[in-house]
Amino acid sequence: NCNDEHEQSKSNGRSNKMNIELKGIKYTAWSSYETHHFQATLYVDGKPLVIVSNEGHGGADEHYPHPKCAGNFRAKMRDVEEYFENLPLAEIGLIDDDGKPVLSQPDLESWCIDQINDWLTVKDIKRKLRSHILFTIAGKSGIYQSNKRPNPSRNATILNDLTIAEIVPIWLERAEA
């Protein structure tokens, strides 16, 4: 149960590493106003801990104990919060007045937002891959789509031939270009 795991990790001196995953994502685009409207289950070290949700109206995420997590829910959530507090500061994509990247302390809510955004990106890529040939052209920005494979003389990289893990960074870099 969750309480036993918490006590074990404190008493046996294991590393502060935590395997955190967001699974079972349910997302509603039409009601996402200021934030994502979603519900998902947060798994910690392979076990469900919390149901995370947001109504999509700009408020904070809500956390409810998952029905399969018996034991000390609050203690395990403190462990999750402590895990994020011990992570290094991360760039948030903004630049300050001195031209330096703005840094922020990661937390569970920002991590969940990133996971939802990643999930939506993969969903969008898969949708496009089902109906189009997607490719990049060396020396040009953007991602191109066609109903047939481009001529090899175009020096194109066919995204349909790559894994999703290989496509995502290309997509994120070039889709914004």
Tightest non-hydrogen contact, residues C69 and P48, listed as CB-O, 3.4 Å
Hey, is the main chain of K140 close enough, under 3.5 Å, to the side chain of R174 for a donor-acceptor pair?
-> yes
With W119 via side-chain contact (heavy atoms from CB on, under 4.5 Å) - residues at least two apart = I25, Y27, K123
Among the clusters formed by ILVMFWY side chains lying less than 4.5 Å apart, do I113 and F84 turn up in the same one?
-> no
With a cut-off of 3.5 Å and sequence neighbours excluded, list every side-chain donor-acceptor pair involving residues 54-67.
| residue | atom | partner | partner atom | Å |
| --- | --- | --- | --- | --- |
| N54 | OD1 | T35 | OG1 | 3.0 |
| N54 | OD1 | G56 | N | 2.8 |
| N54 | ND2 | G59 | O | 2.9 |
| N54 | ND2 | D61 | OD1 | 2.9 |
| E62 | OE1 | Y64 | OH | 2.8 |
| H66 | ND1 | K68 | N | 3.0 |

Under 3.5 Å, is there a donor-acceptor pair between the side chain of N160 and the main chain of L134?
-> yes
Excluding L103, membership of its hydrophobic cluster (Ile, Leu, Val, Met, Phe, Trp, Tyr; side-chain heavy atoms within less than 4.5 Å) reads L89
Determine, step by step, whether Y43 and V50 satisfy the side chain to side chain contact (heavy atoms under 4.5 Å, CB included) criterion, reporting the C-alpha distance in whole Å, the side-chain angles of both residues, the deciding distance to 0.1 Å, and the verdict.
-> CA-CA 7 Å; Y43 281 71; V50 61; over 6 Å; no
Looking only at non-hydrogen atoms, find the nearest pair between T136 and G142 and report the distance.
-> CG2-O, 4.0 Å
side-chain contact (heavy atoms from CB on, under 4.5 Å) filter on V168, not counting sequence neighbours, yields V122, I125, I164, L172
May I have all residue pairs that pass side-chain hydrogen bond (donor to acceptor under 3.5 Å, both in side chains) and include part of residues 90-105, sequence neighbours excluded?
-> none
N151: side-chain contact (heavy atoms from CB on, under 4.5 Å) partners, not counting sequence neighbours | S153, R154
Starting from the C-alpha separation in whole Å, work towards a yes-or-no answer on side chain to side chain contact (heavy atoms under 4.5 Å, CB included) for L108 and M77.
-> CA-CA 10 Å; L108 179 58; M77 284 301 292; 3.9 Å; yes
Identify whether L87 and L42 are in the same connected component of the hydrophobic contact network (ILVMFWY, side-chain heavy atoms under 4.5 Å).
-> yes
Over all heavy atoms of both residues, which pair between N147 and S131 is shortest? Give the atoms and the distance, please.
-> OD1-O, 4.2 Å
Kindly say whether I170 contributes a backbone atom to a donor-acceptor pair with the side chain of E173 at under 3.5 angstrom?
-> no
How about T121 and D124: does a side-chain donor come under 3.5 Å of a side-chain acceptor?
-> no
Taking the hydrophobic residues Ile, Leu, Val, Met, Phe, Trp and Tyr, and joining any pair whose side-chain heavy atoms are under 4.5 Å apart, which ones share a cluster with I95?
-> none
Check whether any side-chain heavy atom of L162 sits under 4.5 Å from a side-chain heavy atom of T157, and report yes or no.
-> yes
Please confirm whether the backbone N or O of V44 pairs with a side-chain atom of N19, one donor and one acceptor, at under 3.5 Å?
-> no
Kindly compute the distance separating CD (Q145) from CG (L129), expressed to the nearest 0.5 Å.
-> 10.5 Å
Looking only at heavy atoms, the pair that brings T28 and S32 closest together is O-OG, 2.8 Å
Tell me who clusters with I92, hydrophobic residues only, linked when side chains sit under 4.5 Å apart either directly or through other members.
-> L94, V102
Does E81 have any side-chain hydrogen bond (donor to acceptor under 3.5 Å, both in side chains) partners at least two apart in sequence or in another chain, and if so, which?
-> none
About how many Å separate CD1 of I133 and NZ of K128, when rounded to the nearest 0.5 Å?
-> 13.0 Å
All ring-ring contact (aromatic ring centres under 6.0 Å, His included) counterparts of F135, not counting sequence neighbours | Y144
Are a donor atom and an acceptor atom from the side chains of N117 and H36 found within less than 3.5 Å of each other?
-> yes
Side chain to side chain contact (heavy atoms under 4.5 Å, CB included) evaluation trace for I116 with L22 | CA-CA 8 Å; I116 298 295; L22 201 60; 4.0 Å; yes
Of all residues at least two apart in sequence or in a different chain, which pass the side-chain contact (heavy atoms from CB on, under 4.5 Å) check with D161?
-> R149, I158
Step by step, would you call M18 with D79 a side chain to side chain contact (heavy atoms under 4.5 Å, CB included)?
-> CA-CA 9 Å; M18 202 176 265; D79 286 349; 3.8 Å; yes
Determine yes or no for a side-chain-to-main-chain donor-acceptor pair under 3.5 angstrom, with S146 supplying the side chain and K148 the backbone.
-> yes
Partner set under side-chain hydrogen bond (donor to acceptor under 3.5 Å, both in side chains) for D114, not counting sequence neighbours = none
